[in-house]
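Please read the structure below before turning to the comments.
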2 protein chains.
Amino acid sequence: MTISQYMTNSHKARNPKASPTKARRERESLERRDAILAAARNVFFENGIHRATVDDVAAHAEVAKGTVYLYFESKETLLAHLLLEGLDALGEQLAEAFAENHPFTAEQRLRRLASAYLDFFENEPDYFRLMMALDRGQFQEAISTELHQQIMTRSINGLGWVVRAIDQGVTDSDFAVADSKSAAGVFWAAINGALVLMSHPIRREMLQQSVESLYTGVMELMLKGMKK
Amino acid sequence: MTISQYMTNSHKARNPKASPTKARRERESLERRDAILAAARNVFFENGIHRATVDDVAAHAEVAKGTVYLYFESKETLLAHLLLEGLDALGEQLAEAFAENHPFTAEQRLRRLASAYLDFFENEPDYFRLMMALDRGQFQEAISTELHQQIMTRSINGLGWVVRAIDQGVTDSDFAVADSKSAAGVFWAAINGALVLMSHPIRREMLQQSVESLYTGVMELMLKGMKK
DNA sequence: CTCATAAGATGACTATTAGTCAGTATATGA
DNA sequence: TCATATACTGACTAATAGTCATCTTATGAG
């Protein structure tokens with residue numbers, strides 16, 4: 001018996017219920033959970049989160065409604081998990097845009113981050129809508145604090161890239177800002193505000209300009225304002 | 001008989017149902033409508049628009065539920081009328097801040113407008129929440145296009161003050177912006193984004209700064225960016 | 001193979017609430 | 001006084017989130 005085999009057995013032995021069956025059961029349980037989440041993604045994104053019903057989600061996942069509630073506490077919890085997916089996707093795109101190992105200037109990095117967010121807005125409108133729709137007290141009260149913490153952590157991590165870019169700008173003496181964290185909040189609030197405002201066709205018509213031009217306008221003013 | 005008296009009588013005569021009673025009836029109808037709207041204001045603002053029920057509103061207005069629906073098509077229509085109240089209040093404050101007859105500079109005017117919006121955010125949090133909460137497709141689909149038009153008109157009028165301030169800045173050669181309408185959209189999107197972002201206690205904690213400082217940060221950067 | 005047990009799944013049921021409408025009450029003026 | 005019109009009522013329907021007693025299936029001991 002090799003050491004690794006011994007350790008594996010030891011691991012199994014720790015839990016009296018351990019058996020080849022258990023591993024399969026756990027896998028199947030995760031698969032079912034994923035199937036329900038996938039159904040939720042389709043149903044909520046297709047019909048909008050208010051029109052869509054848990055019965056619909058159950059039907060799409062080919063399980064009874066009760067089963068949905070075995071895997072997720074509530075409709076809001078389901079939505080929260082979709083939100084986490086969206087935040088993860090955005091986080092990855094921001095990390096890629098920051099491009100840690102490339103010798104970009106701080107300004108280039110901020111432009112790339114802003115551009116990545118605009119791409120996300122345009123390519124993943126469902127996730128973006130979800131992020132905005134769930135950014136409300138009503139929703140937050142309906143999910144566990146643990147889940148809420150996870151969402152907040154993901155959000156902070158996303159903003160972290162902006163903080164780092166601004167830090168770089170301060171270090172390189174390109175930017176003049178009092179506090180990089182505040183400045184990151186300002187920058188993000190502004191470009192996010194542009195996207196929220198332009199999410200409505202009527203608003204776009206009203207302002208007679210495209211999402212891109214308003215978004216770029218906000219970004220350029222913010223950059224100009226931060227530069228030395 | 002003066003001309004005005006003649007015209008008044010002529011107006012009444014146009015409608016064969018005219019009578020002293022009719023005027024009273026109409027007044028009473030408006031009073032009831034106001035009572036229901038007042039009840040809605042209390043109930044929705046007290047409990048939050050999702051938790052509050054139309055039964056609650058009816059109970060507070062001391063009418064049957066059916067009566068509420070005689071005066072307002074739906075829960076959303078009730079909310080839309082509260083929203084109009086809020087937009088009117090904000091519009092008045094912006095007009096006052098603009099101070100047409102005072103010799104303020106464009107920059108002073110923009111600062112005053114932004115300051116008025118911050119005041120509104122802080123003094124009328126219920127109306128502000130309503131404005132943000134109802135800024136969604138789901139809500140817009142549920143009200144008449146006429147009502148929706150009214151809301152949009154109020155919004156445009158509000159932004160109009162910002163456009164005028166920026167126009168002044170361009171005329172006075174203080175600002176360098178390509179298009180004042182776009183620039184107004186940019187400015188408003190940015191400061192509004194700051195308020196939305198900071199509406200959440202968790203977000204404020206995350207960014208470790210006050211609403212005021214982030215808001216001011218956004219405004220100063222936007223002003224700096226617009227200045228020649 | 002058989003059967004007791006546990007784990008997992010089910011869907012009928014409850015509770016809540018927006019919106020309806022047949023019936024009732026009140027006011028008007030002929 | 002009474003027919004009519006107007007205003008109001010609240011029991012009812014429909015939709016839907018969430019529950020839980022019951023059933024089904026898989027497991028492994030004998």
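Letters A, B, ... mirror the listed sequences (proteins, then strands); counts begin at 1.
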So which nucleotide from C:dG11, C:dT20, D:dT9 ends up closest to the side chain of B:Val63? D:dT9
Side-chain contact check for B:Thr67: nearest option of D:dC8, C:dG11, C:dG19 is D:dC8
Rounded distance in Å - [atom1] ([X]) to [atom2] ([N]):
X: B:Glu31; N: D:dA7; atom1: CD; atom2: P; answer: 14 Å
X: A:Arg27; N: C:dG8; atom1: CZ; atom2: C1'; answer: 17 Å
X: A:Arg33; N: C:dG8; atom1: CZ; atom2: C1'; answer: 16 Å
X: A:Lys75; N: D:dT19; atom1: NZ; atom2: C1'; answer: 18 Å
X: A:Phe72; N: C:dA9; atom1: CZ; atom2: C1'; answer: 16 Å
X: B:Glu28; N: D:dC8; atom1: CD; atom2: C1'; answer: 13 Å
X: A:Arg32; N: D:dT25; atom1: CZ; atom2: C1'; answer: 12 Å

Base, sugar-phosphate or nothing for B:Glu62? Non-hydrogen atoms, less than 4.0 Å. nothing
Looking for any heavy atom pair under 4.0 Å, which part of the strands does B:Ser74 touch: base, sugar-phosphate only, or nothing? sugar-phosphate
Nearest 0.5 Å please: distance from the CD atom of B:Glu100 over to the CZ atom of B:Arg164. 4.0 Å
Donor-acceptor under 3.5 Å ([X] side chain, [Y] main chain):
X: A:Arg154; Y: A:Leu87; value: no
X: B:Tyr215; Y: B:Ala114; value: yes
X: B:Arg112; Y: B:Phe98; value: no
X: B:Ser199; Y: B:Leu195; value: yes

Tell me whether the side-chain N/O atoms of B:Tyr71 come closer than 4.0 Å to OP1 or OP2 in D:dC8. yes
Within residues 43-58 of chain B, those residues having any heavy atom closer than 4.0 Å to DNA chain C are B:Ala52, B:Thr53, B:Val54
Proximity to DNA chain C (any heavy atom under 4.0 Å), residues of residues 139-146 of chain B only: none
Decide whether A:Thr216 and A:Glu212 meet the rule of one side-chain donor and one side-chain acceptor closer than 3.5 Å. no
Taking atom types as they are modelled, would you say the side chain of A:Lys65 forms a donor-acceptor pair with the base of D:dG18 within the 3.5 Å cutoff? yes
Using the side chain to side chain contact (heavy atoms under 4.5 Å, CB included) criterion, which residues pair with B:Ile202? Sequence neighbours excluded. A:Gln140, A:His148, A:Met152
